[in-house]
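First the structure, in the form of structure tokens, and then the observations on it.
Keep in mind the model is a prediction, meaning the values are calculated, not measured. Side chains included, hydrogens not; waters and symmetry mates left out as well; all remaining heavy atoms used.
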Amino acid sequence: MLLATFKLCAGSSYRHMRNMKGLRQQAVMAISQELNRRALGGPTPSTWINQVRRRSSLLGSRLEETLYSDQELAYLQQGEEAMQKALGILSNQEGWKKESQQDNGDKVMSKVVPDVGKVFRLEVVVDQPMERLYEELVERMEAMGEWNPNVKEIKVLQKIGKDTFITHELAAEAAGNLVGPRDFVSVRCAKRRGSTCVLAGMATDFGNMPEQKGVIRAEHGPTCMVLHPLAGSPSKTKLTWLLSIDLKGWLPKSIINQVLSQTQVDFANHLRKRLESHPASEARC
């Protein structure tokens with residue numbers, strides 16, 4: 001199957017076929033599907049991760065018969081890569097160390113991942129249905145600066161298809177202004193499969209958003225948030241947030257680790273307050 005796929009892809013190298021975007025897209029989709037199928041033959045992750053990884057290939061979808069530019073296809077590939085890498089990290093249960101645990105059960109863990117660095121994992125249970133969290137975190141992404149003091153602004157710079165976004169995020173100063181203003185340009189991929197939702201992302205380049213004076217361009221990724229109903233309590237949602245950030249600049253690792261761990265704890269608290277003060281009907285207005 002894979003050999004035939006590469007033969008199809010090779011056809012796009014002939015001069016008279018180079019402009020046939022449909023053929024190139026079909027080749028990329030077929031390769032992506034085959035590689036994902038083979039990759040999933042390894043160790044079996046937990047059920048909800050495995051469900052998403054089996055079905056999450058953006059390039060393996062039909063692309064709704066839309067002709068994307070080469071740059072848009074590259075962004076789609078990046079979004080898919082971010083999701084697969086992030087879910088792969090979450091699926092490996094070994095090596096996690098507890099950073100903190102709150103009285104309400106919220107906990108932050110961390111570990112060092114080769115070629116990625118130190119990553120942080122937040123696990124919380126929110127007393128709201130998954131649909132409400134999806135609405136706030138995905139559909140109303142640009143409103144996050146209204147309720148999360150760690151975020152000054154998020155803008156969607158470009159949307160590609162139904163699932164992929166290019167975003168610019170301006171973060172607030174942290175740790176008593178020891179960590180100055182940072183911004184991030186990321187490709188984000190949101191996928192819903194059954195009762196599970198994943199929002200993944202990683203740093204990318206976007207020509208219309210160059211680095212800004214006085215702001216350090218930091219990098220996300222791979223990172224993701226996974227939402228699914230709590231087992232036995234469908235009105236509650238289990239949220240798992242994998243955070244991987246390179247803040248750039250000259251900062252001691254001890255400060256970076258403290259900031260990132262506390263950022264996750266603060267996020268959970270601010271999210272709960274937002275959900276409680278803005279019911280679903282009000283949030284849609």
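- Put simply, the side chain of Ser261 never gets that close to the backbone of Asn257: no donor and acceptor are under 3.5 Å apart.
- For Phe184, the ring-ring contact (aromatic ring centres under 6.0 Å, His included) partners at least two apart in sequence or on another chain are His220.
- Applying the side-chain contact (heavy atoms from CB on, under 4.5 Å) rule to Pro129 yields the partners Arg132; only residues at least two apart in sequence or on another chain are considered.
- For Lys98, the side chain to side chain donor-acceptor pair (under 3.5 Å) test picks out Gln101, with sequence neighbours left out.
- Among residues two or more places apart in sequence or in another chain, the side chain to side chain donor-acceptor pair (under 3.5 Å) test is passed with Gln78 by Thr204.
- Looking at residues two or more places apart in sequence or on another chain, you find a side chain to side chain donor-acceptor pair (under 3.5 Å) between Asp183 and His168, Arg217.
- The hydrophobic cluster containing Val215, built from Ile/Leu/Val/Met/Phe/Trp/Tyr side-chain heavy atoms closer than 4.5 Å, also comprises Leu170.
- Residues Leu239 and Leu133 meet the side-chain proximity criterion, which asks for heavy atoms closer than 4.5 Å.
- For Gln158, the side-chain contact (heavy atoms from CB on, under 4.5 Å) partners two or more places apart in sequence, or in a different chain, are Glu72, Tyr75, Ile160, Ile166, Phe206.
- Every side-chain contact (heavy atoms from CB on, under 4.5 Å) that Val265 has, sequence neighbours left out, goes to Ser100, Gln102, Val108, Gln262, Asn269.
- No more than 12 heavy atoms of other residues, nucleotides or ligands shown are found within 6.0 angstrom of CD on Gln258.
- Looking at residues two or more places apart in sequence or on another chain, you find no salt bridge (charged side-chain N to carboxylate O under 4.0 Å, His left out) involving Glu142.
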Residue pair Trp147, Arg140: steps toward the side-chain contact (heavy atoms from CB on, under 4.5 Å) verdict: CA-CA 12 Å; Trp147 54 268; Arg140 291 178 48 82; over 6 Å; no
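- Side-chain atoms of Glu169 and Arg188, non-hydrogen and from C-beta on, do get closer than 4.5 Å to each other.
- Qualifying side-chain contact (heavy atoms from CB on, under 4.5 Å) partners for Met130, counting only residues two or more places apart in sequence or in other chains: Arg192, Cys197, Leu227, Pro229, Thr237.
- Applying the side chain to side chain donor-acceptor pair (under 3.5 Å) test to residues at least two apart or on different chains, the pairs with a partner in residues 104-114 are Glu99-Ser110, Asn104-Asp106, Asp106-Arg272.
- In terms of the salt bridge (charged side-chain N to carboxylate O under 4.0 Å, His left out) criterion, residue partners of Asp246 (sequence neighbours excluded) are, by chain and number, Lys248.
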